[in-house]
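Only this structure's heavy atoms are used, side chains among them; waters, hydrogens and symmetry mates stay out.
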Amino acid sequence: MKTLKKSLCLAGALCMLPLVSEAAQPVTDGVDEKPRVIITCDPELDDLNSLIRFLLYSTDFRVEGLVYASSQFHWKGDGKGTRWYVPGREYSRGDLNYPPMESWRWSPDERFIDDAVDAYEKVYPNLRIHDPAYPTPELLRSKIRIGNVEFDGDMSKDTPGSELIKMVLLDEEPGPVFLNAWGGASTIARALKSIQDIYESTPQWPEIREKVSRKAVLSLSGDQDDTYARYIKPFWPEIRMMAMGSRVVNLSYGARRGASEETLAMFSPEWMRVNVREKGPFGEMYRVWGDGKQMVEGDKFDFFGLTGYTAEELKRQGYVVWTQLEAPGSFLGEGDTFCYLNLIANGLRGHEDPTYGGWCGGLETLPDSVRALPAKEQEAFRLSRYRLPDFMEPVMNGLAARLTWSVTPVYAEANHYPRIEGEMAMEGKPGETLRLKYKITDPDKGDEVKVQWWQYPSSGTYWRQVSVEDSTSANTRFTIPADARPGDTIHLILEATDSGKPQLNHYLRLIITVI
(Lines give C-alpha, C1' and ligand atoms only; values in the text may rest on other atoms or scores of the structure.)
Protein backbone atom coordinates (compact mmCIF):
# COMPACT_ATOMS: atom_id res chain seq x y z
CA MET A 1 0.00 0.00 0.00
CA LYS A 2 1.75 3.13 -1.15
CA THR A 3 -0.39 6.13 -2.00
CA LEU A 4 -3.60 7.67 -0.78
CA LYS A 5 -5.32 6.76 -4.01
CA LYS A 6 -4.26 3.18 -3.59
CA SER A 7 -5.17 2.93 0.07
CA LEU A 8 -8.66 4.26 -0.53
CA CYS A 9 -9.14 1.83 -3.37
CA LEU A 10 -8.02 -1.19 -1.42
CA ALA A 11 -10.13 -0.26 1.55
CA GLY A 12 -12.88 -1.79 -0.57
CA ALA A 13 -10.90 -4.74 -1.96
CA LEU A 14 -8.94 -5.60 -5.07
CA CYS A 15 -10.22 -2.54 -6.89
CA MET A 16 -8.25 -3.00 -10.10
CA LEU A 17 -8.38 -6.78 -10.28
CA PRO A 18 -11.22 -9.16 -11.13
CA LEU A 19 -12.61 -11.66 -8.70
CA VAL A 20 -12.80 -15.28 -9.78
CA SER A 21 -15.74 -16.15 -11.97
CA GLU A 22 -19.00 -17.35 -10.48
CA ALA A 23 -18.25 -20.77 -11.92
CA ALA A 24 -14.97 -20.99 -10.03
CA GLN A 25 -14.07 -24.33 -8.55
CA PRO A 26 -13.10 -24.88 -4.91
CA VAL A 27 -9.45 -24.20 -4.21
CA THR A 28 -9.10 -27.25 -1.99
CA ASP A 29 -10.71 -30.67 -1.88
CA GLY A 30 -12.63 -29.69 1.25
CA VAL A 31 -9.88 -30.96 3.54
CA ASP A 32 -8.99 -28.53 6.29
CA GLU A 33 -5.25 -28.48 5.60
CA LYS A 34 -2.85 -25.62 6.08
CA PRO A 35 -2.66 -23.54 2.89
CA ARG A 36 0.69 -23.24 1.16
CA VAL A 37 1.62 -19.56 0.98
CA ILE A 38 4.36 -17.54 -0.73
CA ILE A 39 4.73 -13.90 0.30
CA THR A 40 6.37 -11.36 -2.00
CA CYS A 41 6.68 -7.85 -0.59
CA ASP A 42 8.53 -4.58 -1.06
CA PRO A 43 10.03 -2.36 1.68
CA GLU A 44 6.96 -0.30 2.49
CA LEU A 45 6.21 0.15 6.17
CA ASP A 46 2.76 -1.38 5.92
CA ASP A 47 4.29 -4.43 4.24
CA LEU A 48 6.50 -4.76 7.33
CA ASN A 49 3.48 -4.56 9.62
CA SER A 50 1.58 -7.12 7.53
CA LEU A 51 4.66 -9.37 7.64
CA ILE A 52 4.83 -9.17 11.44
CA ARG A 53 1.19 -10.29 11.69
CA PHE A 54 1.82 -13.01 9.09
CA LEU A 55 4.71 -14.43 11.11
CA LEU A 56 2.62 -14.33 14.29
CA TYR A 57 -0.02 -16.36 12.42
CA SER A 58 2.49 -18.69 10.77
CA THR A 59 0.95 -21.54 12.78
CA ASP A 60 -1.85 -21.45 10.22
CA PHE A 61 0.19 -21.68 7.00
CA ARG A 62 2.78 -23.73 5.23
CA VAL A 63 5.21 -20.91 4.53
CA GLU A 64 6.82 -21.74 1.19
CA GLY A 65 8.50 -18.42 0.45
CA LEU A 66 9.34 -14.98 1.85
CA VAL A 67 10.50 -13.03 -1.17
CA TYR A 68 11.83 -9.49 -1.57
CA ALA A 69 9.96 -7.79 -4.42
CA SER A 70 9.93 -4.46 -6.20
CA SER A 71 7.01 -2.25 -7.22
CA GLN A 72 6.45 1.11 -8.83
CA PHE A 73 7.02 2.53 -5.34
CA HIS A 74 10.26 0.73 -4.46
CA TRP A 75 12.99 -0.71 -6.67
CA LYS A 76 16.66 -1.32 -6.06
CA GLY A 77 18.42 -0.76 -9.39
CA ASP A 78 21.09 -3.00 -10.85
CA GLY A 79 24.07 -1.29 -9.22
CA LYS A 80 25.57 -0.61 -12.64
CA GLY A 81 24.35 2.94 -13.09
CA THR A 82 21.40 1.96 -15.28
CA ARG A 83 18.65 4.57 -15.06
CA TRP A 84 14.96 3.73 -15.09
CA TYR A 85 11.81 5.70 -15.69
CA VAL A 86 8.16 4.73 -16.21
CA PRO A 87 5.79 7.57 -17.10
CA GLY A 88 3.02 8.28 -14.63
CA ARG A 89 4.73 6.91 -11.53
CA GLU A 90 4.72 8.81 -8.25
CA TYR A 91 7.98 10.61 -9.10
CA SER A 92 6.23 12.35 -11.99
CA ARG A 93 2.85 13.14 -10.44
CA GLY A 94 1.59 16.55 -9.45
CA ASP A 95 4.45 18.98 -9.05
CA LEU A 96 7.09 16.24 -9.06
CA ASN A 97 9.34 15.79 -12.06
CA TYR A 98 12.23 13.48 -11.21
CA PRO A 99 14.54 12.43 -14.07
CA PRO A 100 15.35 8.77 -14.76
CA MET A 101 17.05 7.33 -11.67
CA GLU A 102 19.29 4.45 -10.68
CA SER A 103 16.98 3.33 -7.84
CA TRP A 104 13.81 4.51 -6.12
CA ARG A 105 13.08 4.44 -2.38
CA TRP A 106 15.25 1.38 -1.71
CA SER A 107 17.94 1.13 0.96
CA PRO A 108 21.28 -0.23 -0.32
CA ASP A 109 21.36 -2.68 2.61
CA GLU A 110 17.64 -3.53 2.65
CA ARG A 111 16.86 -6.54 4.85
CA PHE A 112 13.44 -5.95 6.39
CA ILE A 113 12.31 -9.55 5.83
CA ASP A 114 15.49 -10.86 7.45
CA ASP A 115 15.02 -8.41 10.33
CA ALA A 116 11.47 -9.63 10.89
CA VAL A 117 12.60 -13.26 10.97
CA ASP A 118 15.42 -12.30 13.35
CA ALA A 119 12.80 -10.78 15.67
CA TYR A 120 10.72 -13.94 15.30
CA GLU A 121 13.71 -16.01 16.37
CA LYS A 122 13.97 -14.00 19.60
CA VAL A 123 10.37 -14.68 20.57
CA TYR A 124 10.04 -18.19 19.13
CA PRO A 125 10.68 -19.96 22.48
CA ASN A 126 7.69 -18.13 23.96
CA LEU A 127 5.46 -18.55 20.91
CA ARG A 128 5.86 -22.32 20.76
CA ILE A 129 4.74 -22.61 24.40
CA HIS A 130 1.37 -21.27 23.33
CA ASP A 131 1.21 -23.17 20.06
CA PRO A 132 3.76 -25.85 19.14
CA ALA A 133 2.76 -25.47 15.48
CA TYR A 134 4.95 -22.39 15.05
CA PRO A 135 7.60 -23.12 12.39
CA THR A 136 11.23 -22.93 13.43
CA PRO A 137 13.20 -19.76 12.66
CA GLU A 138 15.55 -21.92 10.60
CA LEU A 139 12.70 -23.06 8.38
CA LEU A 140 11.48 -19.50 7.83
CA ARG A 141 14.98 -18.26 7.10
CA SER A 142 15.43 -21.02 4.52
CA LYS A 143 12.46 -19.58 2.61
CA ILE A 144 13.86 -16.06 2.18
CA ARG A 145 14.83 -15.11 -1.38
CA ILE A 146 15.63 -12.03 -3.45
CA GLY A 147 13.14 -11.61 -6.25
CA ASN A 148 12.98 -9.28 -9.26
CA VAL A 149 13.86 -6.13 -7.35
CA GLU A 150 16.10 -4.25 -9.78
CA PHE A 151 13.47 -2.25 -11.63
CA ASP A 152 9.78 -1.44 -11.58
CA GLY A 153 7.96 -4.18 -13.49
CA ASP A 154 11.12 -5.78 -14.87
CA MET A 155 10.63 -9.52 -15.37
CA SER A 156 13.38 -10.02 -17.91
CA LYS A 157 15.44 -12.56 -15.99
CA ASP A 158 15.24 -15.37 -13.46
CA THR A 159 16.03 -14.59 -9.82
CA PRO A 160 16.29 -16.74 -6.69
CA GLY A 161 12.77 -15.61 -5.78
CA SER A 162 11.23 -16.44 -9.15
CA GLU A 163 13.03 -19.78 -9.19
CA LEU A 164 11.57 -20.66 -5.79
CA ILE A 165 8.06 -19.83 -6.99
CA LYS A 166 8.62 -21.83 -10.18
CA MET A 167 9.84 -24.84 -8.20
CA VAL A 168 6.79 -24.81 -5.91
CA LEU A 169 4.34 -24.43 -8.79
CA LEU A 170 5.93 -27.37 -10.62
CA ASP A 171 6.30 -29.72 -7.65
CA GLU A 172 4.10 -32.77 -7.27
CA GLU A 173 2.26 -31.73 -4.12
CA PRO A 174 -1.49 -31.45 -4.62
CA GLY A 175 -3.60 -28.48 -3.72
CA PRO A 176 -3.29 -24.74 -4.30
CA VAL A 177 -0.38 -22.39 -3.71
CA PHE A 178 -1.48 -18.94 -2.60
CA LEU A 179 0.81 -16.34 -4.19
CA ASN A 180 0.71 -13.02 -2.32
CA ALA A 181 2.03 -9.90 -4.07
CA TRP A 182 2.07 -7.07 -1.54
CA GLY A 183 4.25 -5.05 -3.90
CA GLY A 184 4.52 -5.67 -7.62
CA ALA A 185 3.89 -9.06 -9.19
CA SER A 186 7.03 -9.09 -11.35
CA THR A 187 8.68 -11.95 -9.44
CA ILE A 188 5.56 -14.08 -9.78
CA ALA A 189 5.26 -13.07 -13.44
CA ARG A 190 8.89 -14.05 -14.04
CA ALA A 191 8.30 -17.49 -12.51
CA LEU A 192 5.35 -18.03 -14.85
CA LYS A 193 7.29 -16.68 -17.83
CA SER A 194 10.16 -19.04 -17.10
CA ILE A 195 7.75 -21.98 -17.01
CA GLN A 196 6.30 -20.83 -20.32
CA ASP A 197 9.75 -20.43 -21.88
CA ILE A 198 10.81 -23.92 -20.82
CA TYR A 199 7.70 -25.87 -21.80
CA GLU A 200 5.76 -23.92 -24.42
CA SER A 201 7.38 -25.68 -27.37
CA THR A 202 7.26 -29.15 -25.80
CA PRO A 203 4.54 -31.83 -25.81
CA GLN A 204 4.20 -31.40 -22.04
CA TRP A 205 3.03 -27.77 -22.36
CA PRO A 206 -0.77 -28.32 -22.24
CA GLU A 207 -0.41 -30.50 -19.15
CA ILE A 208 2.04 -28.11 -17.45
CA ARG A 209 -0.09 -25.07 -18.26
CA GLU A 210 -3.21 -26.73 -16.87
CA LYS A 211 -1.37 -27.87 -13.73
CA VAL A 212 0.07 -24.44 -12.94
CA SER A 213 -3.19 -22.66 -13.72
CA ARG A 214 -5.05 -25.01 -11.39
CA LYS A 215 -2.43 -24.73 -8.65
CA ALA A 216 -1.68 -21.00 -8.49
CA VAL A 217 -4.08 -18.70 -6.64
CA LEU A 218 -3.14 -15.01 -6.86
CA SER A 219 -3.71 -12.56 -4.05
CA LEU A 220 -2.54 -9.16 -5.26
CA SER A 221 -2.46 -5.88 -3.39
CA GLY A 222 -3.35 -4.07 -6.58
CA ASP A 223 -1.33 -4.28 -9.80
CA GLN A 224 1.60 -2.25 -8.50
CA ASP A 225 3.89 -2.68 -11.47
CA ASP A 226 1.42 -3.55 -14.24
CA THR A 227 2.81 -7.07 -14.69
CA TYR A 228 -0.56 -8.63 -13.93
CA ALA A 229 -2.20 -6.62 -16.72
CA ARG A 230 0.75 -6.89 -19.11
CA TYR A 231 1.61 -10.56 -18.72
CA ILE A 232 -0.20 -12.71 -16.16
CA LYS A 233 -3.78 -12.00 -17.17
CA PRO A 234 -3.22 -12.23 -20.97
CA PHE A 235 -0.99 -15.32 -20.91
CA TRP A 236 -2.39 -17.17 -17.88
CA PRO A 237 -6.11 -16.25 -17.88
CA GLU A 238 -7.15 -19.43 -16.08
CA ILE A 239 -5.15 -18.60 -12.95
CA ARG A 240 -7.58 -17.76 -10.19
CA MET A 241 -7.69 -14.72 -7.96
CA MET A 242 -8.24 -15.07 -4.22
CA ALA A 243 -11.90 -14.13 -3.83
CA MET A 244 -12.59 -11.27 -1.42
CA GLY A 245 -15.78 -9.30 -1.20
CA SER A 246 -16.08 -5.57 -1.64
CA ARG A 247 -16.63 -4.86 2.06
CA VAL A 248 -13.55 -6.05 3.89
CA VAL A 249 -11.69 -5.39 7.12
CA ASN A 250 -9.87 -2.13 6.43
CA LEU A 251 -6.32 -2.02 7.78
CA SER A 252 -4.92 0.40 5.20
CA TYR A 253 -3.49 3.86 5.77
CA GLY A 254 -6.21 6.02 7.30
CA ALA A 255 -8.14 2.99 8.60
CA ARG A 256 -9.08 4.81 11.81
CA ARG A 257 -11.22 7.26 9.89
CA GLY A 258 -13.49 4.47 8.68
CA ALA A 259 -13.65 2.50 11.93
CA SER A 260 -16.89 1.93 13.80
CA GLU A 261 -17.51 3.53 17.17
CA GLU A 262 -17.09 0.10 18.77
CA THR A 263 -13.61 -0.47 17.32
CA LEU A 264 -12.27 3.08 17.08
CA ALA A 265 -10.29 2.72 20.30
CA MET A 266 -8.26 -0.11 18.77
CA PHE A 267 -6.49 2.41 16.52
CA SER A 268 -5.63 4.77 19.37
CA PRO A 269 -2.13 5.46 20.73
CA GLU A 270 -3.09 3.95 24.09
CA TRP A 271 -4.39 0.68 22.62
CA MET A 272 -1.36 0.38 20.36
CA ARG A 273 1.00 1.10 23.26
CA VAL A 274 -0.51 -1.50 25.61
CA ASN A 275 -1.26 -4.22 23.06
CA VAL A 276 1.50 -3.78 20.48
CA ARG A 277 4.37 -1.41 21.21
CA GLU A 278 5.17 -2.82 24.67
CA LYS A 279 5.19 -6.43 23.47
CA GLY A 280 8.86 -7.21 22.94
CA PRO A 281 10.87 -7.34 19.69
CA PHE A 282 7.87 -7.61 17.37
CA GLY A 283 6.00 -4.84 19.14
CA GLU A 284 9.02 -2.56 18.95
CA MET A 285 9.42 -3.29 15.24
CA TYR A 286 5.75 -2.68 14.39
CA ARG A 287 5.38 0.76 12.79
CA VAL A 288 3.07 3.39 14.30
CA TRP A 289 2.60 7.08 13.63
CA GLY A 290 5.40 9.27 14.94
CA ASP A 291 7.77 6.45 15.90
CA GLY A 292 10.84 8.28 14.58
CA LYS A 293 11.60 5.64 11.93
CA GLN A 294 11.93 5.51 8.16
CA MET A 295 12.09 2.40 6.02
CA VAL A 296 14.60 4.17 3.76
CA GLU A 297 16.66 7.01 5.19
CA GLY A 298 15.84 10.35 3.57
CA ASP A 299 12.71 9.06 1.78
CA LYS A 300 10.59 12.18 1.17
CA PHE A 301 7.45 10.07 0.81
CA ASP A 302 7.91 8.52 4.27
CA PHE A 303 6.92 11.22 6.77
CA PHE A 304 5.02 8.85 9.06
CA GLY A 305 7.68 8.65 11.76
CA LEU A 306 7.93 12.40 12.25
CA THR A 307 6.10 14.26 15.01
CA GLY A 308 5.54 17.89 15.93
CA TYR A 309 4.98 19.18 12.39
CA THR A 310 1.91 20.21 10.47
CA ALA A 311 1.35 18.96 6.96
CA GLU A 312 2.41 22.35 5.58
CA GLU A 313 5.61 22.32 7.63
CA LEU A 314 6.44 18.85 6.32
CA LYS A 315 5.82 19.99 2.76
CA ARG A 316 8.20 22.91 3.26
CA GLN A 317 10.83 20.34 4.28
CA GLY A 318 10.31 18.60 0.95
CA TYR A 319 8.01 15.76 2.06
CA VAL A 320 5.18 14.59 -0.15
CA VAL A 321 2.26 14.52 2.31
CA TRP A 322 -0.47 12.49 0.65
CA THR A 323 -2.60 11.44 3.62
CA GLN A 324 -3.95 12.98 6.79
CA LEU A 325 -1.61 13.06 9.78
CA GLU A 326 -2.58 11.00 12.82
CA ALA A 327 -1.77 11.23 16.53
CA PRO A 328 1.70 9.96 17.54
CA GLY A 329 1.59 6.31 18.53
CA SER A 330 -1.65 5.52 16.71
CA PHE A 331 -2.25 2.72 14.21
CA LEU A 332 -0.45 3.41 10.95
CA GLY A 333 -1.24 0.72 8.43
CA GLU A 334 -1.29 -2.98 7.56
CA GLY A 335 -2.55 -2.55 4.07
CA ASP A 336 -1.55 -5.95 2.69
CA THR A 337 -2.93 -8.18 5.45
CA PHE A 338 -6.18 -8.60 3.50
CA CYS A 339 -4.20 -10.73 1.01
CA TYR A 340 -4.01 -13.59 3.53
CA LEU A 341 -6.78 -12.80 6.01
CA ASN A 342 -9.05 -15.51 4.57
CA LEU A 343 -6.26 -18.08 4.89
CA ILE A 344 -6.14 -17.82 8.70
CA ALA A 345 -7.40 -20.96 10.46
CA ASN A 346 -10.19 -19.29 12.41
CA GLY A 347 -12.77 -21.94 11.52
CA LEU A 348 -14.44 -19.95 8.75
CA ARG A 349 -12.47 -22.01 6.17
CA GLY A 350 -12.27 -19.04 3.83
CA HIS A 351 -9.55 -20.57 1.68
CA GLU A 352 -11.42 -23.76 0.82
CA ASP A 353 -13.81 -22.28 -1.72
CA PRO A 354 -14.06 -18.77 -3.21
CA THR A 355 -17.71 -18.51 -2.16
CA TYR A 356 -17.13 -19.44 1.49
CA GLY A 357 -15.57 -16.19 2.64
CA GLY A 358 -13.69 -15.45 5.84
CA TRP A 359 -12.74 -12.31 7.72
CA CYS A 360 -12.14 -10.70 4.33
CA GLY A 361 -15.42 -11.55 2.65
CA GLY A 362 -15.85 -13.88 -0.28
CA LEU A 363 -17.15 -14.23 -3.81
CA GLU A 364 -20.63 -12.77 -3.98
CA THR A 365 -23.02 -14.68 -6.24
CA LEU A 366 -26.40 -13.26 -7.17
CA PRO A 367 -29.51 -15.39 -7.78
CA ASP A 368 -30.74 -15.35 -11.37
CA SER A 369 -33.85 -13.46 -10.31
CA VAL A 370 -31.73 -10.67 -8.82
CA ARG A 371 -29.34 -10.47 -11.77
CA ALA A 372 -32.31 -9.61 -13.94
CA LEU A 373 -33.04 -6.52 -11.83
CA PRO A 374 -31.75 -2.98 -12.53
CA ALA A 375 -28.27 -2.16 -11.20
CA LYS A 376 -29.57 -0.09 -8.26
CA GLU A 377 -31.81 -2.91 -7.11
CA GLN A 378 -28.94 -5.39 -7.44
CA GLU A 379 -26.78 -3.19 -5.23
CA ALA A 380 -29.61 -2.85 -2.69
CA PHE A 381 -29.80 -6.64 -2.61
CA ARG A 382 -26.04 -6.88 -2.10
CA LEU A 383 -26.14 -4.45 0.80
CA SER A 384 -28.95 -6.33 2.51
CA ARG A 385 -27.86 -9.89 1.72
CA TYR A 386 -24.08 -9.67 1.88
CA ARG A 387 -23.54 -7.31 4.81
CA LEU A 388 -20.71 -8.87 6.82
CA PRO A 389 -20.29 -8.62 10.58
CA ASP A 390 -17.68 -6.12 11.75
CA PHE A 391 -14.68 -8.43 12.11
CA MET A 392 -12.27 -5.68 13.20
CA GLU A 393 -12.42 -6.62 16.88
CA PRO A 394 -11.46 -10.30 16.45
CA VAL A 395 -8.84 -9.32 13.86
CA MET A 396 -7.14 -6.80 16.17
CA ASN A 397 -7.57 -8.90 19.30
CA GLY A 398 -5.91 -11.80 17.51
CA LEU A 399 -2.86 -9.64 16.84
CA ALA A 400 -2.78 -8.47 20.47
CA ALA A 401 -3.09 -12.03 21.80
CA ARG A 402 -0.26 -13.39 19.68
CA LEU A 403 1.99 -10.47 20.55
CA THR A 404 1.26 -11.29 24.19
CA TRP A 405 2.25 -14.90 23.52
CA SER A 406 5.55 -13.64 22.13
CA VAL A 407 6.54 -12.16 25.51
CA THR A 408 4.85 -14.66 27.86
CA PRO A 409 6.84 -17.80 28.76
CA VAL A 410 4.03 -19.36 30.83
CA TYR A 411 0.98 -20.79 29.04
CA ALA A 412 -1.45 -20.01 31.85
CA GLU A 413 -0.53 -16.31 31.82
CA ALA A 414 -1.99 -15.59 28.38
CA ASN A 415 -5.34 -16.06 26.66
CA HIS A 416 -5.99 -18.72 24.03
CA TYR A 417 -8.72 -19.51 21.55
CA PRO A 418 -11.91 -21.34 22.53
CA ARG A 419 -12.58 -24.62 20.77
CA ILE A 420 -15.61 -26.03 18.98
CA GLU A 421 -16.21 -29.70 18.27
CA GLY A 422 -19.02 -31.07 16.13
CA GLU A 423 -20.29 -31.75 12.64
CA MET A 424 -19.20 -29.47 9.81
CA ALA A 425 -21.62 -30.95 7.26
CA MET A 426 -25.24 -32.13 7.47
CA GLU A 427 -28.01 -32.86 5.01
CA GLY A 428 -31.77 -32.93 5.16
CA LYS A 429 -34.99 -32.47 3.24
CA PRO A 430 -37.03 -29.27 2.91
CA GLY A 431 -39.02 -28.76 6.11
CA GLU A 432 -36.88 -31.21 8.09
CA THR A 433 -35.62 -30.12 11.51
CA LEU A 434 -31.98 -30.87 12.29
CA ARG A 435 -30.52 -31.09 15.77
CA LEU A 436 -27.37 -29.04 16.19
CA LYS A 437 -25.22 -30.22 19.07
CA TYR A 438 -21.70 -28.90 19.64
CA LYS A 439 -19.10 -29.07 22.38
CA ILE A 440 -17.54 -25.73 23.36
CA THR A 441 -14.41 -25.67 25.52
CA ASP A 442 -11.70 -23.20 26.46
CA PRO A 443 -8.13 -24.12 27.38
CA ASP A 444 -7.86 -21.29 29.91
CA LYS A 445 -9.11 -21.95 33.42
CA GLY A 446 -11.98 -19.70 34.43
CA ASP A 447 -12.84 -18.35 30.99
CA GLU A 448 -16.50 -18.24 30.07
CA VAL A 449 -17.49 -18.74 26.45
CA LYS A 450 -20.50 -17.19 24.75
CA VAL A 451 -21.83 -18.59 21.49
CA GLN A 452 -23.71 -17.07 18.59
CA TRP A 453 -25.16 -18.64 15.45
CA TRP A 454 -25.33 -16.60 12.25
CA GLN A 455 -25.58 -17.17 8.53
CA TYR A 456 -22.53 -16.23 6.46
CA PRO A 457 -23.98 -13.68 4.01
CA SER A 458 -22.33 -14.61 0.71
CA SER A 459 -22.10 -18.39 1.17
CA GLY A 460 -24.41 -21.13 0.01
CA THR A 461 -26.89 -21.32 -2.83
CA TYR A 462 -30.02 -20.80 -0.72
CA TRP A 463 -30.04 -17.01 -0.63
CA ARG A 464 -32.90 -16.23 1.74
CA GLN A 465 -32.06 -15.38 5.34
CA VAL A 466 -32.41 -18.17 7.87
CA SER A 467 -31.90 -18.62 11.61
CA VAL A 468 -31.69 -21.35 14.24
CA GLU A 469 -34.18 -21.72 17.08
CA ASP A 470 -31.81 -20.47 19.79
CA SER A 471 -28.95 -18.45 18.35
CA THR A 472 -27.09 -18.28 21.69
CA SER A 473 -26.92 -22.02 22.39
CA ALA A 474 -24.51 -24.63 21.08
CA ASN A 475 -27.36 -27.13 21.33
CA THR A 476 -30.29 -26.02 19.23
CA ARG A 477 -32.37 -26.89 16.20
CA PHE A 478 -32.57 -25.71 12.63
CA THR A 479 -35.46 -26.27 10.26
CA ILE A 480 -34.59 -26.41 6.57
CA PRO A 481 -36.81 -23.92 4.73
CA ALA A 482 -39.74 -25.47 2.93
CA ASP A 483 -38.89 -23.66 -0.28
CA ALA A 484 -35.30 -24.94 -0.37
CA ARG A 485 -34.56 -27.11 -3.37
CA PRO A 486 -32.49 -30.30 -3.57
CA GLY A 487 -28.87 -29.35 -4.06
CA ASP A 488 -29.17 -26.04 -2.20
CA THR A 489 -26.58 -25.34 0.47
CA ILE A 490 -26.93 -23.22 3.61
CA HIS A 491 -23.90 -22.02 5.56
CA LEU A 492 -24.36 -21.50 9.29
CA ILE A 493 -21.56 -20.13 11.48
CA LEU A 494 -21.22 -21.03 15.15
CA GLU A 495 -19.08 -18.35 16.78
CA ALA A 496 -17.48 -18.87 20.19
CA THR A 497 -16.15 -15.84 22.10
CA ASP A 498 -14.26 -16.19 25.37
CA SER A 499 -14.04 -13.83 28.33
CA GLY A 500 -10.25 -13.62 28.39
CA LYS A 501 -8.11 -10.59 27.68
CA PRO A 502 -7.79 -9.87 24.88
CA GLN A 503 -11.09 -11.51 24.00
CA LEU A 504 -10.69 -14.23 21.37
CA ASN A 505 -13.09 -15.77 18.84
CA HIS A 506 -13.24 -19.03 16.99
CA TYR A 507 -15.78 -20.31 14.50
CA LEU A 508 -17.23 -23.47 13.03
CA ARG A 509 -18.84 -23.45 9.60
CA LEU A 510 -21.72 -25.87 9.23
CA ILE A 511 -22.70 -26.56 5.61
CA ILE A 512 -26.20 -27.98 5.25
CA THR A 513 -27.03 -29.63 1.92
CA VAL A 514 -30.65 -30.02 0.92
CA ILE A 515 -31.53 -33.46 -0.43
Side-chain angles (χ1 to χ4, degrees), residues 1 37-59 61-71 73-79 103-128 134-150 158-165 167-168 179-184 186-188 190-191 221 276 279-287 291-299 302 305 332-337 339-340 402-403 406-407:
M1 304 288 287
V37 185
I38 295 176
I39 300 298
T40 71
C41 51
D42 63 358
E44 181 74 12
L45 60 88
D46 72 332
D47 290 50
L48 173 62
N49 284 353
S50 289
L51 180 60
I52 290 171
R53 185 188 291 263
F54 179 83
L55 293 175
L56 287 167
Y57 275 92
S58 58
T59 50
F61 318 117
R62 287 179 59 190
V63 182
E64 298 287 3
L66 299 169
V67 181
Y68 289 92
S70 61
S71 69
F73 307 99
H74 301 274
W75 42 273
K76 181 181 180 180
D78 61 5
S103 67
W104 180 247
R105 303 179 61 197
W106 190 287
S107 175
D109 56 351
E110 185 58 68
R111 51 169 288 120
F112 76 101
I113 297 177
D114 291 85
D115 289 341
V117 173
D118 288 347
Y120 176 91
E121 184 172 33
K122 293 177 182 178
V123 301
Y124 172 70
N126 289 335
L127 289 174
R128 68 187 303 270
Y134 274 103
T136 66
E138 292 75 20
L139 185 145
L140 293 177
R141 196 168 282 115
S142 73
K143 305 298 184 180
I144 299 175
R145 299 289 192 279
I146 297 291
N148 293 61
V149 301
E150 290 186 354
D158 295 331
T159 62
S162 70
E163 287 292 286
L164 179 144
I165 295 170
M167 176 186 69
V168 172
L179 302 173
N180 277 223
W182 303 352
S186 59
T187 305
I188 297 171
R190 179 60 219 178
S221 186
V276 178
K279 299 299 183 183
F282 266 152
E284 294 170 5
M285 179 177 287
Y286 192 94
R287 295 294 309 276
D291 58 13
K293 301 177 182 178
Q294 282 187 312
M295 292 293 287
V296 180
E297 185 177 354
D299 183 352
D302 186 355
L332 209 173
E334 241 185 85
D336 302 294
T337 297
C339 288
Y340 61 85
R402 289 175 182 250
L403 282 167
S406 75
V407 295

Residue K76 excluded, over 12 heavy atoms near NZ under 6.0 Å: no

Considering non-hydrogen atoms only, spot the tightest contact between P125 and K122 and give its length. CD-O, 3.8 Å

Just how far is it from atom CG of D42 to atom OG of S186, taken to the nearest 0.5 Å? 10.0 Å

Heavy-atom closest pair, residues V63 and L139: O-CD2, 4.3 Å

Do E121 and E138 have side chains that approach each other closer than 4.5 Å (heavy atoms only, starting at C-beta)? yes

Determine, stepwise, if the pair I165 / V168 fulfils side-chain contact (heavy atoms from CB on, under 4.5 Å). CA-CA 5 Å; I165 295 170; V168 172; 6.0 Å; no

T159 and I146: CA distance, side-chain angles, deciding distance, side-chain contact (heavy atoms from CB on, under 4.5 Å) verdict: CA-CA 7 Å; T159 62; I146 297 291; 5.8 Å; no

Rounded to the nearest 0.5 Å, what separation is found between the CH2 atom of W182 and the OG1 atom of T337? 6.5 Å

Look at D114 together with R141 and state whether they make a salt bridge at an N to O cut-off of under 4.0 Å. no

For the residue pair A116 and F282, what are the closest heavy atoms and their distance? O-CE2, 3.4 Å

When you measure from the side chain of N49 to the backbone N and O of G333, does any donor-acceptor pair fall under 3.5 Å? yes

Using the ring-ring contact (aromatic ring centres under 6.0 Å, His included) criterion, which residues pair with Y68? Sequence neighbours excluded. F112

For G335 versus S221, what's the shortest heavy-atom pair and its separation? O-OG, 4.1 Å

Can you check whether W106's main-chain N or O pairs, donor with acceptor, with H74's side chain at less than 3.5 Å? no

Enter the distance from C41:SG to D336:CG here, rounded to the nearest 0.5 Å. 8.0 Å

Under 3.5 Å, side chain of S50 to main-chain N/O of D47, donor-acceptor pair present? no

Could you grab the distance from atom CG of L179 to atom OG1 of T40, nearest 0.5 Å is fine? 8.0 Å

Kindly give the heavy-atom pair with the smallest separation between L127 and L56, and that separation in Å. CD2-CD2, 4.2 Å

Over all heavy atoms of both residues, which pair between G184 and S71 is shortest? Give the atoms and the distance, please. N-CB, 3.5 Å

Is it the case that R402 places NZ or CZ above or below the six-membered ring of Y57, under 6.0 angstrom from the centre and within 45 degrees of the axis? yes

Taken to the nearest 0.5 Å, the spacing of L164 CG from T187 OG1 works out to 10.5 Å

Salt bridge present between E334 and R53 (N-O < 4.0 angstrom): yes

Set of salt bridge (charged side-chain N to carboxylate O under 4.0 Å, His left out) partners for K143, sequence neighbours left out: E64

Worked verdict on D302 versus V296 for side-chain contact (heavy atoms from CB on, under 4.5 Å): CA-CA 8 Å; D302 186 355; V296 180; over 6 Å; no

Judged by atom type as modelled, is there a donor-acceptor pair below 3.5 Å linking the side chain of Y340 to the main-chain atoms of F54? yes

Measure the CG-NZ distance between L48 and K293 for me, rounded to the nearest 0.5 Å. 8.0 Å

Main-chain N/O of D299 paired to Q294 side chain as donor or acceptor, under 3.5 Å: yes

Begin with the C-alpha distance, continue with both residues' side-chain angles, and end with the deciding distance and a verdict on side-chain contact (heavy atoms from CB on, under 4.5 Å) for M295 and R287. CA-CA 10 Å; M295 292 293 287; R287 295 294 309 276; 3.8 Å; yes

Looking at N148, is its backbone amide N or carbonyl O close enough to the side chain of S70 to form a donor-acceptor pair, meaning the two atoms are under 3.5 Å apart? yes

